[in-house]
Number of protein chains: 2
Amino acid sequence: MTAHTIRYYEKIGLFKKINRNDSGHRDFSLEDVTWAEFIKRLKDTGMPLDQILEYANLREQGQHTAGSRMALLEEHAMALERKIATEQHNLNKLKDKIRYYETLKDIS
Amino acid sequence: MTAHTIRYYEKIGLFKKINRNDSGHRDFSLEDVTWAEFIKRLKDTGMPLDQILEYANLREQGQHTAGSRMALLEEHAMALERKIATEQHNLNKLKDKIRYYETLKDIS
DNA sequence: TCTTGACTTAGAGTTCACTCTAACTTGTAT
DNA sequence: ATACAAGTTAGAGTGAACTCTAAGTCAAGA
């Protein structure tokens with residue numbers, strides 16, 4: 001995650017209240033870093049930024065949104081599971097095609 | 001695949017020689033349709049258009065490029081395999097997180 | 001015949017997620 | 001003291017893959 005990307009994430013609202021030091025530079029707390037890592041994990045699982053933003057907004061509202069956040073994560077986990085299954089299916093199809101070409105090569 | 005998308009694919013060179021009827025409309029042969037389906041499969045496995053285009057160009061050169069095409073497909077299949085493995089790993093991590101939140105809920 | 005809808009083109013606009021630029025200020029090493 | 005690296009902002013630019021628009025032609029049903 002580059003500095004540019006972090007500033008961009010702050011701009012779109014993924015980071016809410018990053019402290020600044022005397023000279024106006026961002027001063028990331030441990031909590032900020034943990035949150036950044038969590039954003040990265042969600043990103044790595046293919047969650048689009050607007051959904052992560054939704055999660056971030058819930059998170060800002062406090063503890064009483066924990067349920068909704070959980071639901072969001074569970075929904076995303078299921079979507080990811082479906083996506084992996086589809087990709088596995090496509091991979092098998094592709095391998096079939098490759099094997100088919102290999103048999104052709106054996107014959108000709 | 002919408003009509004717009006097909007025209008776009010033709011424009012960037014994915015379709016090479018689509019016949020036209022008397023009124024200038026595209027007249028897709030069975031081979032064209034098969035090729036379109038193959039493009040779709042490659043797309044569904046996450047192959048970017050420039051790689052599909054590379055494949056299309058090889059395909060146009062004729063039978064003697066069959067080896068290179070196979071290599072391309074094999075390389076892509078391996079990349080897809082790695083991608084699925086990573087995604088599975090990320091999914092597991094996400095599920096761990098969800099389970100962790102669930103234990104918190106049980107306690108509090 | 002009239003209407004409706006599908007086709008044609010070149011080219012403009014959109015979305016996502018950055019990525020970079022310009023102009024400026026601040027911090028660090030020698 | 002002087003470089004120079006790294007921070008700040010608003011806003012522009014990028015790349016992938018569409019997606020749509022405008023202005024026009026063509027075809028089929030009531």
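Below, chain A is the first sequence line, B the second, and so on; all start at residue 1.
Atom P of nucleotide D/dG7 and atom CD1 of A/I6 are separated by 10 Å, given to the nearest angstrom. We find that CD1 of B/I12 is positioned 10 Å from P of D/dA16, with the value rounded to whole Å. In this structure, the CZ atom of B/R7 is 12 Å from the C1' atom of C/dA10, given to the nearest Å. Whole-Å rounding puts the B/D27 CG to C/dA6 P distance at 18 Å. Atom P of nucleotide C/dT15 and atom CG of A/L53 are separated by 16 Å, given to the nearest angstrom. A straight line from CD of A/E10 to P of D/dG7 spans 14 Å, rounded to a whole angstrom. Distance A/F28 CZ to D/dA6 C1': 13 Å, rounded to the nearest Å. One atom, CD1 of B/I18, and another, P of C/dT9, lie 10 Å apart when rounded to the nearest Å.
The salt bridge (charged side-chain N to carboxylate O under 4.0 Å, His left out) analysis of residues 42-58 of chain B, with sequence neighbours excluded, yields the pairs B/K40-B/D44. Sorted by first then second residue, the salt bridge (charged side-chain N to carboxylate O under 4.0 Å, His left out) pairs that include residues 65-81 of chain B, not counting sequence neighbours, are A/K95-B/E81. Applying the salt bridge (charged side-chain N to carboxylate O under 4.0 Å, His left out) rule to pairs touching residues 27-37 of chain A yields A/E31-A/R59, sequence neighbours excluded.
Mapping B/D22 and A/R26 onto DNA chain D by nearest heavy atom places A/R26 at the nucleotide closer to the 5' end.
Heavy-atom distances under 4.0 Å link DNA chain D to no residue of residues 76-89 of chain B. Contacts between residues 43-52 of chain B and DNA chain C, defined by a heavy-atom separation below 4.0 Å, involve no residue at all.
In terms of the side-chain hydrogen bond (donor to acceptor under 3.5 Å, both in side chains) criterion, residue partners of A/E10 (sequence neighbours excluded) are, by chain and number, A/R26. Taking the side-chain hydrogen bond (donor to acceptor under 3.5 Å, both in side chains) definition, one finds that B/T5 meets it with B/T2, sequence neighbours left out. For B/T34, there are no side-chain hydrogen bond (donor to acceptor under 3.5 Å, both in side chains) partners two or more places apart in sequence or in a different chain.
Cluster partners of A/L80, by chain and number: A/I84, A/L91, B/L80, B/I84, B/L91. The rule joins Ile, Leu, Val, Met, Phe, Trp and Tyr whenever side-chain heavy atoms lie under 4.5 Å apart.
In terms of heavy atoms, A/M47 sits closest to A/Q51 at CG-CB, 3.6 Å.
Within the 4.5 Å cutoff, no side-chain heavy atoms of B/H4 are placed close to those of B/Y8. Side-chain atoms of B/I39 and B/Y55, non-hydrogen and from C-beta on, never get closer than 4.5 Å to each other.
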Show me the donor-acceptor pairs, under 3.5 Å and distance only, between side chains in residues 13-21 of chain B and residues at least two apart or in other chains.
unit_1: B/K16; atom_1: NZ; unit_2: B/G13; atom_2: O; d: 2.9
unit_1: B/K16; atom_1: NZ; unit_2: B/N57; atom_2: OD1; d: 2.6
unit_1: B/R20; atom_1: NH1; unit_2: B/G24; atom_2: O; d: 3.0
unit_1: B/N21; atom_1: OD1; unit_2: B/S23; atom_2: N; d: 3.1
unit_1: B/N21; atom_1: OD1; unit_2: B/S23; atom_2: OG; d: 3.0
unit_1: B/N21; atom_1: OD1; unit_2: B/G24; atom_2: N; d: 3.3
unit_1: B/N21; atom_1: OD1; unit_2: B/H25; atom_2: N; d: 3.0

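Under a hydrophobic-cluster definition in which Ile, Leu, Val, Met, Phe, Trp and Tyr are linked whenever side-chain heavy atoms come within less than 4.5 Å, directly or via other members, B/I6 and B/L30 are assigned to different clusters. Under a hydrophobic-cluster definition in which Ile, Leu, Val, Met, Phe, Trp and Tyr are linked whenever side-chain heavy atoms come within less than 4.5 Å, directly or via other members, B/M70 and B/M78 are assigned to different clusters.
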Using the rule given for salt bridge (charged side-chain N to carboxylate O under 4.0 Å, His left out), can you reason through B/D96 versus B/K93, listing the C-alpha separation, both sets of side-chain angles and the distance that settles it, and then say yes or no?
CA-CA 5 Å; B/D96 284 351; B/K93 284 279 183 187; 5.5 Å; no
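Applying the 4.0 Å criterion to OP1 and OP2 of D/dC26, one finds that B/R20 has every side-chain N and O outside that range.
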Would you give a per-nucleotide map of nucleotides 19-26 of chain C, 5' to 3', where B means the base has a protein non-hydrogen atom under 4.0 Å away, S means only the sugar-phosphate does, and - means neither?
BBB----S
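Comparing the axis of the opening five pairs of the helix from C/dT1-D/dA30 to C/dT30-D/dA1 with that of the closing five pairs yields an angle of 10°, rounded to 10°.
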